[in-house]
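First the structure, in the form of structure tokens, and then the observations on it.
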Protein chains: 2
Amino acid sequence: MVTADKTPTINDVAKAAGVSKRTVSRVINHSTKVNAQTRERVEEAIRRLNFAPNRQARGLASRRSYLVGLVYDLPTLFIADIQKGILNGLYGSGYELIVHTRHPDDDKVVDDVLQFVSRTKTDGLLLAPPVSEIAELAEALNDIGCFYLQFSSQLSAEPWKQVVTNYLPAITDMTAHLVDHGHRHFGFISGPRDNISSQKRQEAFIQALKQYGLKLPQSLIVEGAFTYDSGMKAAENLLSRPDRPTAIFAGNDEMAFGVMNVADSMGIDIPRDLSVVGFDGTAFANFVIPSLSTIRRQPNAMAQLGASKLIARINEGQDAARAFETMVSPEFVPRESTGPASLERR
Amino acid sequence: MVTADKTPTINDVAKAAGVSKRTVSRVINHSTKVNAQTRERVEEAIRRLNFAPNRQARGLASRRSYLVGLVYDLPTLFIADIQKGILNGLYGSGYELIVHTRHPDDDKVVDDVLQFVSRTKTDGLLLAPPVSEIAELAEALNDIGCFYLQFSSQLSAEPWKQVVTNYLPAITDMTAHLVDHGHRHFGFISGPRDNISSQKRQEAFIQALKQYGLKLPQSLIVEGAFTYDSGMKAAENLLSRPDRPTAIFAGNDEMAFGVMNVADSMGIDIPRDLSVVGFDGTAFANFVIPSLSTIRRQPNAMAQLGASKLIARINEGQDAARAFETMVSPEFVPRESTGPASLERR
DNA sequence: AAATGGATTGCCAGCGGTGGCATCATTCCA
DNA sequence: TGGAATGATGCCACCGCTGGCAATCCATTT
């Protein structure tokens, strides 16, 4: 019932190994200035006593916390996957993950995050989109000397602070797929206007179309809000016009589901009368009928990369972080919601 | 460029307020033994200097960490919502959330969590299902005197350590809904056999049916794995038998999507030929066509309750936690996937 | 007026580590 | 052989805060 023996301290280890606690400290911190035999002796003692250094004391003395923070906005499946990937990347690094999301009461994101950092003393911050795209926040963090890593869609001048998703290849593949199937007339449903990821997706789509000498008229770009309802609204708009597109690319899967629903209730068959493509590639895209062609991101892989990169930067400096990849590329996954363009359009 | 003034310490505040640092400490910790005027003076100084106590130093001295941990298994939308609710509940409490999920390399859950606790020195643990249902883990945590709160489906003898979802009311409503629509012949797709939540759902369903003098024959209970594929398999099984049910209750939404898909490819129309009900009520249930009738849990509310309850227990003891609710009830949300039983059943 | 007692407040040690030296042993070179 | 350079280790203060107790103040009691 009683666990009399409290957790061992560095002193216990020192005594057990017959060295000073300073030496034990050196071993813990992988200092090179320790004799191989001494190190072995200390490590043995650590193992025998099942010693784990006290993070708080370590942090207090060394002015570090051995904590990294994840800042995100909304709880989505994508974020859950990102978080999982981060935990994988952190595994064995000695760092723990502390999470933060904006509280409805806090209107000022920048202040909110700054407070979080000062409260928790995290050694680094992982910024998920769309928080990662806020330029003022990055600036503010730079000012206070806080290490951060953004999961972003826009390459900056400091790539060691980023993991960037390059939309172009996958969107080009997707476009090729549609064009090959005879589509010439496209609609695009964007995310919120000020959302950078959404802008980037749009740009990539336009650029891909250009390669085929095709254009995306402004009138066939409808603003959504990355939500199901907004996808429906946009679809009603796009599908009720006389020159309605034969293929719609939605800025995320959720809006694509909205499109599918509207099409269904308008008697427009997918993929016979309309092809639909989403973006994100969360599991649900595979569950709907017909299954949704989409662009699959790799949250797990990119998060793991990001975590490792941030830790490298914290522990070994900027140059170490530079050695890591920056770009990740999602991939187009064709499924049942895309097919040949119907011959008799309109 | 340089932010010369480092963060203020308790000493700075003490000096500014003209008191000893011990008094400042008392104010921070809401000790009652402080004169009202003194307190005001100190609080003013704290505000003026924008002081926040150093969590590490505080923890080191008081043997607490001001950290609570969330332990979960898989990254799902449900977990993301739970986490969001916890963060809401923790807001303003002075506690931060540190997350942990089982790493594939760790086979022994109990040891893994125990290590996490000893590494991080969390003051409390929030256990999400299915980790929350592991009896050995709860025991082990009790042994080391770790406070925890389980999000569970099974009331224990220590309700101050739990937030329990009571499935019966919603499942009874759902059953009533189906029976009112003429259904008499049901199929049930369970989660993994050893999953306690799944067992509870099954029990509740059986109990609800009993109220109508109806039975759920063992042969119409098919084991799934809470995954889409397993839902499809189970559906193939259920729908290919001569006495196939007119309504299927799936243990979660994801499996229900599998059922819908199989029904579609077998030419079985939902809801005309078959009613389907899911469980979870994540947003996607509303996105499929037809939209899925399901039982909506309230992850946000229950998580917020759980977080507050745990903090109360940590700060004010068991009796304070007793004052909190324990039971939460999900609700049945009828949508398009359920309707009248087809007349000419076989 | 001295004693009593409760309410406030201050002092000092110490939580478990790390940083910056000093120390000591050994090796290398002139 | 002496002296410097190098490697390994130990000593002690200190990181920023809280716990335990002593000290102080003030009102009340006798």
Tell me: CD of Gln56(A) to C1' of dC15(D), nearest whole Å? 13 Å
Close side-chain approach of Tyr95(A) to Asn315(A), heavy-atom, < 4.5 Å: yes
Rounded to whole angstroms, how far apart are CG on Asn54(A) and P on dG14(C)? 18 Å
Other residues, nucleotides and ligands only: do more than 12 of their heavy atoms fall within 6.0 Å of CD on Glu325(A)? no
Just to confirm, is there a sub-4.0 Å distance from OP1 or OP2 of dC15(C) to any side-chain nitrogen or oxygen of Ser62(B)? no
Heavy atoms only, 4.0 Å cut-off, all strands: where does Val19(B) land among base, sugar-phosphate and nothing? sugar-phosphate
Nearest whole Å is fine: how far is dT9(C) P from Lys33(B) NZ? 12 Å
What's the CD1-P distance between Ile28(B) and dT9(C), to the nearest Å? 15 Å
Pair of N/O donor and acceptor under 3.5 Å linking dG17(C) base with Lys21(A) side chain: yes
Pair Asp319(B) + Arg322(B): basic N to acidic O under 4.0 Å: yes
Just checking, is any N or O donor in the side chain of Asn35(B) or Arg41(B) under 3.5 Å from an acceptor N or O on the other one? no
Which nucleotide in the set dT18(D), dT18(C), dG16(D) lies at the smallest distance from any side-chain heavy atom of Ile10(A)? dT18(C)
Of the non-hydrogen atoms in Ile28(B) and Pro53(B), which two are nearest, and what is the gap between them? CG2-CG, 4.0 Å
To the nearest 10 degrees, what angle separates the axes at the start and end of the helix from dA1(C)-dT30(D) to dA30(C)-dT1(D), five pairs each? 50°
For a quick check, tell me whether the side chain of Arg22(B) and the base of dG20(D) share a donor-acceptor pair closer than 3.5 Å. yes
OP1 or OP2 of dG16(D) less than 4.0 angstrom from a side-chain nitrogen or oxygen of Asn11(B), does that happen here? no
Output the single nucleotide from dT18(D), dG17(C), dG10(C) whose closest atom is nearest the side chain of Ser20(B). dG10(C)
Which whole-number value in Å describes the distance from Arg63(B) CZ to dG19(D) P? 11 Å
In whole Å, what is the span from the CZ atom of Arg64(B) to the P atom of dC17(D)? 16 Å
Are the side chain of Thr122(A) and the backbone N or O of Leu67(A) linked by a donor-acceptor pair below 3.5 Å? no
Given atom NZ of Lys121(B) and atom C1' of dC15(C), what is their separation to the nearest angstrom? 12 Å
In whole angstroms, the gap separating P of dC11(C) from CZ of Arg26(B) amounts to 11 Å
What nucleic acid atoms does Phe51(A) come within less than 4.0 Å of, heavy atoms only: base, sugar-phosphate, or nothing? sugar-phosphate
Touch class at under 4.0 angstrom, heavy-atom based, for Val24(A) against every strand present: nothing
Is there a side-chain contact between Thr23(A) and the phosphate of dA8(D), meaning an N or O under 4.0 Å from OP1 or OP2? no
Give a yes or no on whether a salt bridge exists between Arg47(B) and Glu44(B), defined as a side-chain N under 4.0 angstrom from a carboxylate O. no
Find the distance between OH (Tyr66(A)) and CZ (Arg119(B)) and round it off to the nearest 0.5 Å. 14.5 Å
Taking OP1 and OP2 of dT18(D), is either one under 4.0 Å from a side-chain nitrogen or oxygen of Arg58(B)? yes
May I ask you to verify if any side-chain N or O of Thr9(B) is less than 4.0 angstrom from the OP1 or OP2 atom of dG16(D)? no
